[in-house]
Number of protein chains: 2
Amino acid sequence: MKRLGAAALRLVMVGFGAVGQSVAKLLIMKEKQLITDFGMRPRVVGIADSRGAVVNEKGLDLEMALKTKYEKGTVAEDKTHELPVELIRRIEADVLIETTPTNFKTGEPGLSHIKASLQAKKSVITTNKGPLARAFHALLELARYNNVHLKFSGAVGAGTPILDFGKVCSRGDRIIGLKGVLNATTNLILTQMEQNNSTFEEALKYAQKERYAEADASLDVEGVDTAVKLVIIVNSLMSQRPTLRDVKIRGIGKVSREDLHNARDRGKGIRLLASADDEFSVSPSEIDRRDPLFVSGPYNAVKFLCEYSGEKVVVGRGAGGMETASSVLRDLLEIRDQLSGRSQT
Amino acid sequence: MKRLGAAALRLVMVGFGAVGQSVAKLLIMKEKQLITDFGMRPRVVGIADSRGAVVNEKGLDLEMALKTKYEKGTVAEDKTHELPVELIRRIEADVLIETTPTNFKTGEPGLSHIKASLQAKKSVITTNKGPLARAFHALLELARYNNVHLKFSGAVGAGTPILDFGKVCSRGDRIIGLKGVLNATTNLILTQMEQNNSTFEEALKYAQKERYAEADASLDVEGVDTAVKLVIIVNSLMSQRPTLRDVKIRGIGKVSREDLHNARDRGKGIRLLASADDEFSVSPSEIDRRDPLFVSGPYNAVKFLCEYSGEKVVVGRGAGGMETASSVLRDLLEIRDQLSGRSQT
């Protein structure tokens, strides 16, 4: 475990919403620890949001960037005409942190950002599921071809290291199946309906008020978000290569309070479960209340079935800007190790 | 992800009980996959048990070694006068796999085996908690000084990658506390007492019959095994450096069926919990039945409290020869990566 000199790592951030801002805050809070414990001195040289960009190749003042965003609604100090894709291509940087909103249909604008970055031989950390759902293997291939890294720990499980945990489990063993609660919003809704006797609409409103659900929560409720995460996990950790079309999807729209109460009376609970074995599916399913997958509130839980060592479960919060930002930082530390030849996986 | 030529890795195994034999079986079963997927061609050049040893520098026939052990109760084909420590020093090998029985008082004979191996610049994988409880930092220091590796994933959690999971969690974040069920035997006993209304003695007998408890289960029952694992986890993952003496220990000896039933009636359960925050303790504790730590049967569960990303829980079987062997293999793959300069942590 050699300690190398603190390496400057130049970052460009595209997307500066809850996750992007939390990454900036985390970089500020952990600046000293990153140098002393990990020998890393990250420098954000550019930030773009949907309304403009700010650039400083010597390193931006992140406190100032957060203040500007807070006061003006954009990080840009004046109107920039440069598109994020152009910024990504032009700027001297090592890693793109892509946190723009997810679009499952087209993957855009994240898909173009990620492609441009990999082609320009800049590594990418993304929390954006859209591009991964659209082009998982193509993007990984592009990264390999250009000899850079593509990391996406925060795309699944927010701060809970589901993919990293699965990677650890699969060394010296093999993951042959999995089941999981992968969407914090629907889990919060089901929990509210059962515990507080809320209607679906009341529970959804609560989730929106608590900022777990978007104004348009249909992708969560219909199970698409869960299915996309399932596709990402399976492609990352198992030998199959499903796409979204291979997943049978049923959302929680038809689950009633009565269903939940009936299940409870029998010692069961209903959760929106993703499942991978011979088939891939997402559907509301009854599970035992003692099953570790029976989590309540905005949590995620995944059970991996391993060939030699049996079942292993990971549980943690499945949402939150700061939680997701901690995954970005984990990815960044891994890229830093790999760039300095200290690690491989 | 370069694929290197399959590297021969010479192993010497000391201890050939349930775990050692499972390691041998796993090496046989996974021989091809280790070459194709991981570029590793392990070769066991020596095996010692308490009654003798067998050596072949070209690589032992593991099927034959297992057969001899099964038929004769020892792996030795004839009486060997060489002590394991002498064998470890003399034999040309890269890694010692140390799986002798745990002795918490002296750490022996494992402690001497591990020291001899590290001093002879051979890396060590151990599942033996005794030496780690006795000399955690001294052994790590010795490994560093000799520029070799000391791995012990299987010493905590059998096949459940508790230490590796914690290591992942602590990157980009910091573990500031933990609680956990770390002893499968006592968890099975408490489960039996509650669910089957068994007496403590009946439950213990059941655990012994199912081979989860040793003939002398006092170290499990009194909480010492749990405390040792707590010490190993904290020293590995947190900034504190407690020894066994710093842990307040209370076992499950005084937990009655009535206590368990009373707790159940209030929606609670009693588990032998290890806890680390400002203090270190092991004691039977009431927890909510919906808490992910409320596992039943021979399971382990650990909840890490992280500074930025909140609580994360890992759950899995906490016992079993094959489960523990899968952890040994995981350690072996990591050492193989490090020897070939592919990884760092």
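Proteins come first, then strands; the chains are lettered A, B, ... in the order of their sequence lines, and each starts at number 1.
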Only distances under 3.5 Å count here; give the side-chain donor-acceptor pairs of residues 296-305 of chain A to other protein atoms, sequence neighbours excluded, each with its distance to 0.1 Å.
residue: Ser296(A); atom: OG; partner: Arg271(A); partner atom: NH2; Å: 3.4
residue: Lys303(A); atom: NZ; partner: Asp291(A); partner atom: OD1; Å: 3.3
residue: Lys303(A); atom: NZ; partner: Asp291(A); partner atom: OD2; Å: 3.1

Is it the case that more than 12 heavy atoms not belonging to [X] sit under 6.0 Å from its [atom1] atom?
X         : atom1 : answer
Asn147(A) : CG    : no
Arg211(B) : CZ    : no
Glu286(B) : CD    : yes
Gln33(A)  : CD    : yes
Arg264(A) : CZ    : yes

Handout entry: Contact winner vs chain B - Pro161(A), Ser170(A), Gly316(A), heavy-atom pairs under 4.5 Å
Key =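 So the answer, after comparing Pro161(A), Ser170(A), Gly316(A), is Pro161(A).
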Problem - Among the listed options Leu329(A), Val315(A), Leu293(A), the residue most often paired with chain B at heavy-atom distances under 4.5 Å - result: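 Heavy-atom pairs under 4.5 Å are most numerous for Val315(A).
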Problem - Closest-packed option against chain A by number of heavy-atom pairs under 4.5 Å, given Lys312(B), Arg174(B), Met322(B) - result: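 Of Lys312(B), Arg174(B), Met322(B), Lys312(B) has the most heavy-atom pairs under 4.5 Å with chain A.
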Fill in the blank from the handout: side-chain contact (heavy atoms from CB on, under 4.5 Å) filter on Glu323(B), not counting sequence neighbours, yields Ser309(A), Ala158(B), Arg317(B)
Mind checking the [atom1]-[atom2] spacing from [X] to [Y]? Nearest 0.5 Å is all I need.
X         : Y         : atom1 : atom2 : answer
Leu26(A)  : Asp173(B) : CG    : CG    : 7.5 Å
Arg289(A) : Arg289(B) : CZ    : CZ    : 12.0 Å
Glu307(B) : Met29(A)  : CD    : CE    : 8.0 Å
Tyr308(B) : Ser327(A) : OH    : OG    : 14.5 Å
Thr160(A) : Glu311(B) : OG1   : CD    : 10.5 Å

Problem - Short N-O contact, Arg171(B) and Asp37(A), less than 4.0 angstrom - result: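 No salt bridge links Arg171(B) with Asp37(A).
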Handout entry: Within-4.5 Å side-chain heavy-atom neighbours: Phe165(B) and Val314(A)
Key =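 Heavy-atom side-chain distance check passes, below 4.5 Å.
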Exercise for the section: Heavy-atom distances under 4.5 Å only: say whether Leu332(A) touches chain B with side chain, backbone, both or neither. Expected result: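 Contact with chain B involves no heavy atom of Leu332(A) at all.
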